[in-house]
There are 2 protein chains.
Amino acid sequence: MMEQSYTIGRLAKDTGCKVQTIRYYEKVGLMPTPDRTAGNQRRYGARHIERLAFIRHGRQLGFPLEAIRQLLRLADSGEQPCDSADSIARSQLQEVESRIARLLALKAELNRMVEQCAGGQVADCRVIEVLSDHSQCLHVNHLEPEEAH
Amino acid sequence: MMEQSYTIGRLAKDTGCKVQTIRYYEKVGLMPTPDRTAGNQRRYGARHIERLAFIRHGRQLGFPLEAIRQLLRLADSGEQPCDSADSIARSQLQEVESRIARLLALKAELNRMVEQCAGGQVADCRVIEVLSDHSQCLHVNHLEPEEAH
DNA sequence: CTTGAACCTACAGTCGCTGTAGCTCCTATA
DNA sequence: TATAGGAGCTACAGCGACTGTAGGTTCAAG
């Protein structure tokens, strides 16, 4: 009913989010469906900006979309206690802490590998050797099967 | 030509890798195609075990499959200097270090959020509030758009 | 010889986007 | 008012690294 004045491109620019990503969030039900112009283009208002900022901020904090969905539900129905939000955040914190622990072990291992590599022939390459023979490394549990990158 | 005596299931058990994953590695050209029985089942030998162990170890160290592919090429053609292997490992180390840095910033932010949440109504919930308003957090750059989990 | 666990292929789904193709719309300028 | 072109639209494929499923076949123990 108020001015729904932002195009999707404007919204994208304002929140540092790609246009396709906004449409994706709408498709998976994180963003409410906006008004459309006569020509079928989306027009957004202030609440959409807030909503998208919330989502992006949650993503930057590493929350999976499902957690963000729950947090949005909690934020919308402002009556329940915030214990739920707290426990979502706590479990995200735990996740982050365990990721850090694993990455630190990893870093130590990679350091060892790289420092021992004398730059000679592959026959003597520590990097290849360590990878070939797990017993040569300190058997920290590295990463659990996690996607790289 | 020697005893190709391991079934895919055995190989999986020995290396802590799922059967489908081994078939996947074969499909994407990381594992060499094994011999087959008359009934078309895969049979593996010692070199396959070594190869798979190399791949898994690389994955545990967080190397993407593409890096592992390069490392395997280097290991196979044992003549070239190991500078390449070294630089692959170094860039993986850098990647890991930057991930750690980002996660530490993240952890601080989540800690702040969680500690301030008094367990009251959503109206006062710090978790939701901080997510809603980026200016309330310390503007560390969090994570760059990274997939969660 | 029978049973059933393990194998086979092929393909869909996961997560969170990102990119592309092939259109239509909106708006600024001439 | 006509036109150009940037921005929007939908639908779908692709990424990485698997994982799961359906529907069938093979192997080895009893």
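To find a chain, count down the sequence lines: A is the first, B the second, and so on, and within it residues start at 1. Since the model is a prediction, treat every value here as computed from it, not as a measurement.
Here the straight-line distance linking atom CD1 of B/Ile55 with atom CD of B/Gln60 works out to 12.5 Å at 0.5 Å rounding.
Taking 4.0 angstrom as the limit, B/Thr7 places none of its side-chain polar atoms (N or O) nearer than this to OP1 or OP2 of D/dC27. Under 4.0 angstrom from either OP1 or OP2 of C/dC17 there lies at least one side-chain N or O belonging to A/Arg59. At the phosphate of D/dG8, neither OP1 nor OP2 sits under 4.0 Å from any side-chain N or O atom of A/Arg42. In this structure, A/Arg56 reaches the C/dC17 phosphate: one of its side-chain N or O atoms is under 4.0 Å from OP1 or OP2.
Computed from coordinates, the B/Leu11 CG to C/dC8 C1' distance equals 16 Å when rounded to whole Å. A straight line from CZ of B/Arg23 to C1' of C/dT9 spans 8 Å, rounded to a whole angstrom. Remark: C1' of C/dA6 and CD1 of B/Ile8 are 11 Å apart, rounded to the nearest angstrom. Per the geometry, NZ belonging to B/Lys27 stands 12 Å off P belonging to D/dC18, to the nearest Å. Taking atom CD on B/Glu26 and atom P on C/dT9, their separation rounds to 8 Å, with Å as the unit.
A/Arg10 places no side-chain N or O within donor-acceptor distance of the main-chain N or O of A/Tyr44, the cut-off being under 3.5 Å.
Residue whose closest nucleotide on DNA chain C sits further toward the 5' end, between A/Lys18 and A/Thr37: A/Lys18. Each of B/Glu66 and B/Gln41 has a nearest nucleotide on DNA chain D; the 5'-most of these lies closest to B/Glu66. Both B/Arg43 and A/Gly39 lie close to DNA chain C; mapped to their nearest nucleotides by heavy-atom distance, the more 5′-ward contact belongs to B/Arg43. Nearest-nucleotide mapping onto DNA chain D: of B/Gln20 and B/Ala38, the residue sitting toward the 5' end is B/Gln20.
For A/Tyr24, the listed nucleotide lying nearest its side chain is C/dC17; candidates were C/dC17, C/dC7, D/dC18. The side chain of B/Thr21 sits closest to D/dT19 out of D/dA17, D/dT19, C/dC26.
The residues B/Glu26 and B/Arg23 are annotated as not salt-bridged, no charged nitrogen and carboxylate oxygen being separated by less than 4.0 angstrom. Under a 4.0 Å N-O distance rule, the pair B/Glu66/B/Arg69 qualifies as a salt bridge.
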Report the C-alpha separation of B/Val19 and B/Ile22 in whole Å, then their side-chain angles, then the decisive distance to 0.1 Å, and conclude whether the side chain to side chain contact (heavy atoms under 4.5 Å, CB included) test is met. CA-CA 5 Å; B/Val19 166; B/Ile22 299 174; 5.6 Å; no
